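Heads up, the thing below is written out as structure tokens.
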Amino acid sequence: MPDPKQILTLDDIKLLVDTFYDRIRTDELLAPIFNQRIQDRWPIHLEKMYKFWQTVLLEEHTYFGSPFFRMLIYR
């Protein structure tokens, strides 16, 4: 197993997020769920995820939202 890559920059976050969603979008079970929710707004969603993780992991406050509130709404 390769050594895990440290996440130190926005480019590292983009690689992580893009890799994750590339796998989701080709998954037989998960792709329809995510595509139904996100529809044609993938670029907007990915940009939001970059900013969210940049705020959480790099402590660079670029995300202004309420992710946990949104989870309650979508239930």
Side-chain angles (χ1 to χ4, degrees):
M1 178 183 275
D3 290 333
K5 183 174 179 351
Q6 289 190 344
I7 299 173
L8 303 173
T9 68
L10 180 56
D11 286 338
D12 296 334
I13 288 172
K14 287 181 178 183
L15 177 62
L16 172 70
V17 170
D18 290 345
T19 301
F20 174 79
Y21 281 107
D22 285 347
R23 291 180 182 173
I24 290 292
R25 293 171 84 172
T26 60
D27 185 273
E28 194 174 298
L29 178 64
L30 296 175
I33 296 167
F34 277 77
N35 285 327
Q36 179 183 8
R37 174 67 62 202
I38 297 172
Q39 298 176 358
D40 63 345
R41 298 181 308 271
W42 278 102
I44 295 166
H45 178 73
L46 292 174
E47 199 58 43
K48 189 178 291 187
M49 292 298 95
Y50 301 151
K51 290 179 180 185
F52 173 79
W53 288 111
Q54 182 180 15
T55 298
V56 172
L57 298 176
L58 303 180
E59 297 179 0
E60 297 171 2
H61 200 73
T62 57
Y63 177 80
F64 300 93
S66 302
F68 301 108
F69 179 71
R70 288 185 188 278
M71 282 194 271
L72 294 174
I73 291 173
Y74 292 134
R75 286 173 61 187

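Side chains included, hydrogens not; waters and symmetry mates left out as well; all remaining heavy atoms used. The model shown is predicted, which means the values in this text are computed figures rather than measured ones.
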Can W53 be reached from L15 by stepping across I, L, V, M, F, W or Y side chains whose heavy atoms are under 4.5 Å apart?
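In one cluster with L15: W53, no.
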Return the [atom1] to [atom2] distance between [X] and [Y], rounded to the nearest 0.5 Å.
X	Y	atom1	atom2	value
R23	L30	CZ	CG	12.5 Å
L58	T9	CG	OG1	7.0 Å
N35	D40	CG	CG	10.5 Å
I13	T62	CD1	OG1	8.0 Å
K14	E47	NZ	CD	6.0 Å
R25	I38	CZ	CD1	8.0 Å

For Q54, run the side chain to side chain contact (heavy atoms under 4.5 Å, CB included) check against V17, D12, L10 and tell me which one passes.
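Checked V17, D12, L10 against Q54; only one passes side chain to side chain contact (heavy atoms under 4.5 Å, CB included): L10.
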Any [X] side-chain heavy atom under 4.5 Å of [Y] side chain:
X	Y	value
T55	F64	no
D18	Y50	yes
M49	F20	no

Crowding at CD, Q6 (>12 non-hydrogen neighbours, <6.0 Å):
no
Step by step, would you call H45 with F34 a ring-ring contact (aromatic ring centres under 6.0 Å, His included)?
CA-CA 11 Å; H45 178 73; F34 277 77; 7.4 Å; no
